[in-house]
**Student:** 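Let me begin by handing over the structure; questions about it come next.
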Amino acid sequence: MYEFKYHRPATVRQAANILLKNEDAKLIAGGHTLLPVMKQRLAAPPHLVDLSHVEGLDGIEIKGRSLVIGATAKHADVAASAIVGEAIPALAELASLIGDPAVRHKGTIGGSLANNDPTADYPAAVLALGATIVTNKRKLKPEEFFQGLFTTALEPDEIITKVSFPIPKKAAYIKFRNQASRYALVGVFVAKRPSDVRVTVTGAGSEGVFRVTAFEEALKKRFSPKALDGIHVDADGLNSDLHGSAEYRAHLIGVLAKRAVEAANAKPEKELPEPDPTQPSVG
Amino acid sequence: MAKISLIVNGNPVTANVDPRTLLVQFLRENLRLTGTHVGCDTSQCGACVVHLDGKAVKSCTTLAVMADGHSVTTIEGLAADGAPLHPMQEAFREHHGLQCGFCTPGMIMTAVDLVHRKGHDLSDHTIREELEGNLCRCTGYQNIVESIAAGAKAMGNSDLT
Ligand SMILES: Cc1cc2nc3c(=O)[nH]c(=O)nc-3n(C[C@H](O)[C@H](O)[C@H](O)COP(=O)(O)OP(=O)(O)OC[C@H]3O[C@@H](n4cnc5c(N)ncnc54)[C@H](O)[C@@H]3O)c2cc1C
Ligand code: FES
Ligand code: FES
C-alpha cells in the first residue's frame, strides 16, 4: 500500500471540504472494498478521509412511509435491526447475506452503493424499492445514481449521507452465490409496491444492476411464481465467465425470480395506502 | 505519522504509526502479539480475525488508525498467561479442532463472537454458515464445527466470556 495522509473529519461538511481541497482524496467508510484495492496498489489515493467519526451518519429510522438508513450503517446493523426487520424484512435478509460476519461488522451501505460493484447486493434492493440516495448535495433516484460498472453519478466531493427506502407491501431477495467469491453470481430482488411491481437483477448484467420489465408486467397482473411461466430472459448483454455462461445466468434469473415471489408471498402483506404524489418520500 | 491510543487485551497502548499500517501489522510487529496470523492478506481467510469493540473483524482489512480510541482483543487476550485456557480454546484442544493451527486463532475469535451474538446452543448448520469467512486448509472443518458447538456450551458455564 502506498503512503497517504489520513484525515478524520467530525462532520460531513468538513469531509466535503477536505475532498474539495485535495485532488484524488478518497472517502473511507468500512474500508472493505477500498483497502483490498489499495493493498493491491490498484488505487493509491494520496488522502484518505475517514467517515467513521462523523456523528449521526449511521442511524436507522422510519420517516413517514420510508425506512431511512444512514450511509455508515454497517451490514451487520441493518441485518440485526428490529426496525428494518419490521419495515422491510427482505432488506435485513439481504444484508445478512453479504460476505461473512467479519465483513458485515465493517462494510457499510454507503460504501457498497458508492462502489457499485456489478455483483454487490444492495444495488438490487435500491433499484427494486425505488430508494432515494441522499447526498450532501442532492437527492438521486437509482436510475440516475447507477451508471454502469463501478460507476455512479457521485461527484468527487459528493458524500452519500443516507438512503431512503419507500416501504413495499411485500419483497424478497434471493441470492445465488458465486462459489468462490460469495458475491452474487445472480441475485434477484422482487418488490410488490403500492403502485407497481419491480424485479431487479444483480450479478448478471454487464452494466450492473437492471430491471426485468417483462417479469414486472406479468407479476403486476398476478403476483405468483406461475405468472412467470414461459417468460424468458434474453442472454444478450449478460456476463459470461468461468463461473457461468450468459445462458446459465439468464436461466438462473427466471428460477430465482420465481423463488423470490414465493418467498415474498410467504410474508404477510403490508396494508399501505396508494402513494400521495404531493408528498415527497424523503425525510 | 499518526498518534493512536487504544486498549489492547485490556491494556492501554499509545503509539505513533504510519497511517497505512494495518491493524494486524501493528499487533504483530509493534506489539509482538504474533498469535494473530496473516493467511491471505486479501480479506478472504479469517486467520487475522480479532475483536474490535467486541466484534469480529479482519485485522488485515482494518487500518491501525481506525482502531484509535477503540478496544481490541486478540487470541492472547482470551485467557490470562498461565491461567486455564478460555473454554473455546479448551474445546478446540479437546475436540482436535486443529492440525497445523495456522487458522486456529481466527477460528476461535470468530467462534467467540458467534457465541456472543447467537448464544450457547448452536446447530451445526449455524456454525458452518458463520464460518463463511474462515478458511482451514487442513482439517476439513468437521472437528472445528464440533469444537465450536462444545466451546459454546462450555462458555455458558464459565466466567470467561
Ligand atoms: C471477503 C469479502 C466479501 C464480500 N462479499 C460481498 C457480498 O457478498 N456482497 C456485497 O454486496 N459486498 C460484498 N463485499 C463488499 C462489502 O460489502 C464492502 O464493505 C462494501 O462494498 C464497501 O463498503 P465499505 O463501507 O467497506 O466501503 P469502503 O471500502 O470504505 O469504500 C468503498 C468506496 O466507496 C466510497 N465511499 C464510502 N462511503 C461513501 C459515502 N458515504 N459516500 C460516497 N462515497 C463513499 C469510497 O471512497 C470508496 O471508493 C465483500 C467484501 C469482502 C472483503
Ligand atoms: S489474512 Fe486477513 S482475511 Fe486472510
Ligand atoms: S489447522 Fe491448518 S489451516 Fe486450519
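Lettering follows sequence order; numbering is per chain, from 1. Computed over heavy atoms, backbone and side chain alike; hydrogens, waters and symmetry mates excluded. Every value quoted in this text rests on a predicted model; they were computed, and no experiment measured them.
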**Student:** In terms of the angle between their ring planes, are A:Phe176 and A:Tyr248 parallel, tilted or perpendicular, with boundaries placed at 30° and 60°?
**Tutor:**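 Rings of A:Phe176 and A:Tyr248: perpendicular, as their planes differ by over 60°.
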
**Student:** I'd like to check A:Lys5 versus A:Leu48 (side-chain heavy atoms, cut-off strictly below 4.5 Å). Are they in contact?
**Tutor:**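 No. Closest side-chain heavy atoms not under 4.5 Å.
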
**Student:** Are A:Arg41 and A:Tyr2 in a cation-pi contact, defined as NZ or CZ under 6.0 Å from the six-membered ring centre and within 45° of the axis?
**Tutor:**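 Yes, A:Arg41 sits over the ring of A:Tyr2.
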
**Student:** Is a side-chain donor or acceptor of B:Gln89 paired with a backbone partner of B:His86 at a separation under 3.5 angstrom?
**Tutor:**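 Yes; at least one donor-acceptor contact below 3.5 Å.
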
**Student:** Hey, which of B:Thr42, B:Leu52, B:Val65, B:Val49 has the most heavy atom pairs under 4.5 Å with chain A?
**Tutor:**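 Most heavy-atom pairs within the cutoff with chain A belong to B:Val65.
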
**Student:** Verify, without hydrogens or angle tests, whether A:Glu262 (side chain) and A:Arg259 (backbone) share a donor-acceptor contact under 3.5 angstrom.
**Tutor:**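 No, the answer is negative, given that no donor and acceptor are paired below the 3.5 Å cut-off.
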
**Student:** With a 4.5 Å heavy-atom cut-off, do B:Tyr141 and B:Met107 have their side chains touching?
**Tutor:**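 Sidechains of B:Met107 and B:Tyr141: in contact.
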
**Student:** Out of B:Asp41, B:Asp18, B:Leu131, which one racks up the most heavy-atom pairs below 4.5 Å with chain A?
**Tutor:**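 The residue among B:Asp41, B:Asp18, B:Leu131 with the greatest pair count is B:Asp41.
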
**Student:** Most heavy-atom pairs under 4.5 angstrom with chain A, which of B:Gly133, B:Ala56, B:Gly46, B:Cys60?
**Tutor:**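 Winner by heavy-atom pair count: B:Ala56.
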
**Student:** Just wondering, do A:Phe165 and A:Val126 contact through their side chains at under 4.5 Å, heavy atoms?
**Tutor:**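 With C-beta onward as the side chain, the pair touches.
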
**Student:** Which answer fits B:Thr110, side chain, backbone, both or neither, if we ask what part of it has an atom under 4.5 Å from a heavy atom of chain A?
**Tutor:**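 Contact with chain A involves no heavy atom of B:Thr110 at all.
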
**Student:** Please classify the contact of B:Leu63 with chain A as side chain, backbone, both or neither, using a heavy-atom distance under 4.5 Å.
**Tutor:**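 Its backbone and side chain both get close to chain A.
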
**Student:** Just by distance, do the side chain of B:Ser59 and the backbone of B:Cys48 share a donor-acceptor pair under 3.5 Å?
**Tutor:**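 Answer holds: yes.
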
**Student:** Determine which residues belonging to residues 105-120 of chain A lie within contact range of chain B, meaning some heavy atom pair is under 4.5 Å apart, and list them by number or answer 'none'.
**Tutor:**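 Listed by number: A:His105, A:Lys106.
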
